[in-house]
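To start, the structure under review is shown below, and the notes come after it.
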Amino acid sequence: MSDKHLFQSGTLNRLALKNRIMVAPMTRISASVDGIPGERMQHYYQRFVRGGFSAIITEGIYIDEAWSQTYAFQAGLINAKQSAGWRAITDRVHQHGGKIIAQLMHAGAISQGNIYRPDTLAPSAVQPRGEQLGFYHGHGAYPLPREMNEEQIQQVIDSFAHTAARAVGEAGFDGIEIHGANGYLLDQFLTDYTNQRSDRWGGDIVARLSLTLAVIAAVRQRIGEDVTLGIRLSQGKVNDFHHKWQEGEAGARLVFAAIAEAGVDYLHLTEYDALQPAFADSPLSLVQIARQAAPNLPIIANGALSDACTAAQALEQGADYVSIGKSALANPDWPMRIRDGVELRAFDKNLLAPSADVKNCELV
């Protein structure tokens with residue numbers, strides 16, 4: 001498959017996209033201390049649209065004044081000031097002909113910068129693996145979380161739905177992505193060792209997916225059938241990079257089939273390398289497994305798709321779209337460079353040092 005397929009137009013629900021190239025969600029901790037996105041973030045996001053990306057999926061946005069905030073200086077979407085800050089960003093993106101999808105998230109056990117609570121919640125009272133992330137202003141071990149009760153679980157579902165409605169109705173977003181990946185709360189429910197519950201929210205891999213499915217249903221009810229709704233899933237986590245689903249390929253197929261039945265408009269899969277086999281005993285990538293298990297569900301692939309060749313390979317494996325992360329930071333005009341045959345810049349890891357906030361050089 002040639003890279004020309006990257007420049008074919010497409011649709012997700014009623015969202016028309018001029019090509020198959022999106023900006024991946026990346027946590028850049030550049031809002032105010034109280035979660036309001038400002039002019040710095042406006043400039044940061046509009047660069048990608050000017051550079052030819054068809055759509056941007058935002059960094060994860062927190063959804064309540066309780067336990068959802070994950071990092072210091074993370075943007076929220078829970079009050080009028082935060083909503084107005086995001087509206088200024090979506091307006092700029094739209095002025096340049098782009099689309100922007102709000103990624104909504106809850107930290108669960110791995111919060112390391114919550115201004116609303118000092119403690120954390122999780123499916124079970126299990127010590128998180130790894131240590132807090134230094135480039136997001138964290139240090140040391142994660143605190144031991146408390147096990148969530150039924151009322152707290154319902155509050156999370158409601159918060160996702162309420163914030164999704166605010167994102168579309170007030171902040172002007174073109175769609176919603178539910179963050180069910182990378183070790184955050186919904187992923188903690190999906191993961192065998194972090195979810196030791198014996199109630200309806202625990203059990204086998206499909207039962208552990210129940211909270212994600214409940215959030216999808218609640219969000220869809222609030223935003224309606226016409227607004228684009230996606231879900232992001234992964235195996236690896238920010239605090240457990242090499243994790244694999246215990247149930248292997250068979251479990252993955254069950255997950256993807258259930259997600260397709262839930263009525264989302266796309267599945268966003270992120271792996272360290274999207275093209276590599278997902279499990280040691282199978283040659284198939286996670287994208288290939290998902291394509292077989294959910295043949296009609298649009299898939300966005302993410303992970304080490306840094307150039308035209310790897311991005312085109314992801315489409316060949318069954319993805320409908322690709323999302324570009326670090327290579328987009330190095331090349332906010334990535335689609336235009338690929339189209340015009342201009343060499344891509346290499347990613348400079350110092351861009352995320354000493355912290356991952358947006359740097360002045362990204363605002364030019």
Side-chain angles (χ1 to χ4, degrees), residues 10-17 20 22 25 54-55 57-58 60-61 63 77 99-106 153-169 171 173-182 184-187 189-190 200-201 203-234 245 247 251-270 286-302 318-323:
T11 58
L12 291 173
N13 196 330
R14 296 190 179 185
L15 186 63
L17 301 170
R20 303 302 174 114
M22 301 183 181
S54 66
I57 305 172
T58 71
I61 302 169
I63 58 172
L77 191 45
K99 312 293 185 182
I100 183 164
I101 295 169
Q103 188 192 68
L104 306 183
M105 71 177 294
H106 192 299
I153 291 172
Q154 292 302 322
Q155 287 171 349
V156 166
I157 296 170
D158 291 343
S159 293
F160 269 105
H162 181 76
T163 306
R166 182 190 290 270
V168 174
F173 282 100
D174 300 297
I176 300 295
E177 178 170 290
I178 297 165
H179 199 346
N182 301 117
Y184 302 112
L185 181 69
L186 299 184
D187 188 43
F189 271 83
L190 180 62
R200 64 179 175 134
W201 304 111
D204 64 20
I205 193 167
V206 176
R208 298 195 308 269
L209 187 67
S210 294
L211 181 56
T212 298
L213 298 177
V215 169
I216 290 170
V219 170
R220 176 60 81 194
Q221 185 175 25
R222 287 297 299 273
I223 65 175
E225 295 297 324
D226 295 339
V227 176
T228 300
L229 174 60
I231 177 76
R232 192 181 211 219
L233 296 178
S234 72
W245 290 338
E247 292 85 352
R253 289 179 182 275
L254 293 173
V255 167
F256 298 144
I259 290 294
E261 290 260 335
V264 293
D265 298 306
Y266 71 82
L267 169 63
H268 189 180
L269 291 176
T270 178
L286 208 59
V287 166
Q288 289 172 314
I289 296 169
R291 176 48 64 226
Q292 292 179 8
N296 299 316
L297 180 61
I299 296 171
I300 303 172
N302 170 257
D320 300 278
Y321 299 85
V322 295
S323 69

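Index from 1, following the sequence. Because the structure is predicted, anything quoted here is derived from the model rather than measured.
One distance of note links CG of Asp226 with CG of Asn13; it measures 6.0 Å at 0.5 Å rounding. Put simply, CG on Leu297 and CG on Leu267 are 5.5 Å apart, with the number rounded to the nearest 0.5 Å. Taking CD1 of Ile176 as the start and CD1 of Ile57 as the end, the distance is 11.5 Å to the nearest 0.5 Å. Taking OG1 from Thr212 and CZ from Phe189, the interatomic distance works out to 9.0 Å, rounded to the nearest 0.5 Å. Atom CD1 of residue Ile100 and atom CG of residue Leu15 lie 11.5 Å apart, to the nearest 0.5 angstrom. Atom-to-atom distance recorded for Thr58:OG1 and Phe173:CZ is 5.0 Å, nearest 0.5 angstrom.
Minimum interatomic distance between Pro298 and Leu12 (heavy atoms only, all atoms of both residues): CB-CD2, 3.7 Å. When all heavy atoms are compared, the tightest approach of Leu77 to Thr163 is O-CG2, 3.3 Å. In plain terms, the two heavy atoms of Glu177 and Pro25 that are nearest each other are OE2-CG, 4.1 Å. Listed here is the closest heavy atom pair of Gln292 and Pro295: O-CD, 3.7 Å. Closest approach of Phe256 to Ala294, counting heavy atoms only: O-CB, 3.9 Å. The shortest heavy-atom contact between Ala102 and Ile61 is CB-CD1, 4.0 Å.
In this model, a donor atom of one side chain and an acceptor atom of the other lie less than 3.5 Å apart for Asn302 and Thr270. Side-chain contact, Ser159 with His106: no donor N or O sits under 3.5 Å from an acceptor N or O.
Between Asp265 and Arg14, no side-chain nitrogen of the basic residue sits less than 4.0 Å from a carboxylate oxygen of the acidic one, so the salt-bridge criterion is not met.
Using modelled atom types, no side-chain atom of Arg220 and backbone atom of Ile223 make a donor-acceptor pair closer than 3.5 Å. With hydrogens and angles ignored, the 3.5 Å screen pairs no side-chain donor or acceptor of Arg20 with any backbone N or O of Ser323.
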Before giving the answer on side chain to side chain contact (heavy atoms under 4.5 Å, CB included), spell out for Thr228 and Asp174 the whole-Å C-alpha distance, their side-chain angles and the decisive distance to 0.1 Å. CA-CA 7 Å; Thr228 300; Asp174 300 297; over 6 Å; no
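Listed by chain and number, the residues in a side-chain contact (heavy atoms from CB on, under 4.5 Å) with Ala55 are Leu17, Met22, Lys99 (sequence neighbours excluded). Residues passing the salt bridge (Lys or Arg N to Asp or Glu O under 4.0 Å) test with Arg232: none are found, sequence neighbours excluded. The side-chain contact (heavy atoms from CB on, under 4.5 Å) search around Arg222 returns Ala161, His162, Ala165, not counting sequence neighbours.
Under the 4.5 Å side-chain criterion, counting only non-hydrogen atoms from C-beta, Val255 is not in contact with Arg208. Proximity of Leu229 to Ile178: side-chain heavy atoms (C-beta onward) are separated by under 4.5 Å at one or more points.
The residue from Ile259, Ile300, Ile299 that alone fulfils the side-chain contact (heavy atoms from CB on, under 4.5 Å) condition with Tyr266 is Ile300.
Within 6.0 Å of CD in Gln154 there are more than 12 heavy atoms belonging to other residues, nucleotides or ligands.
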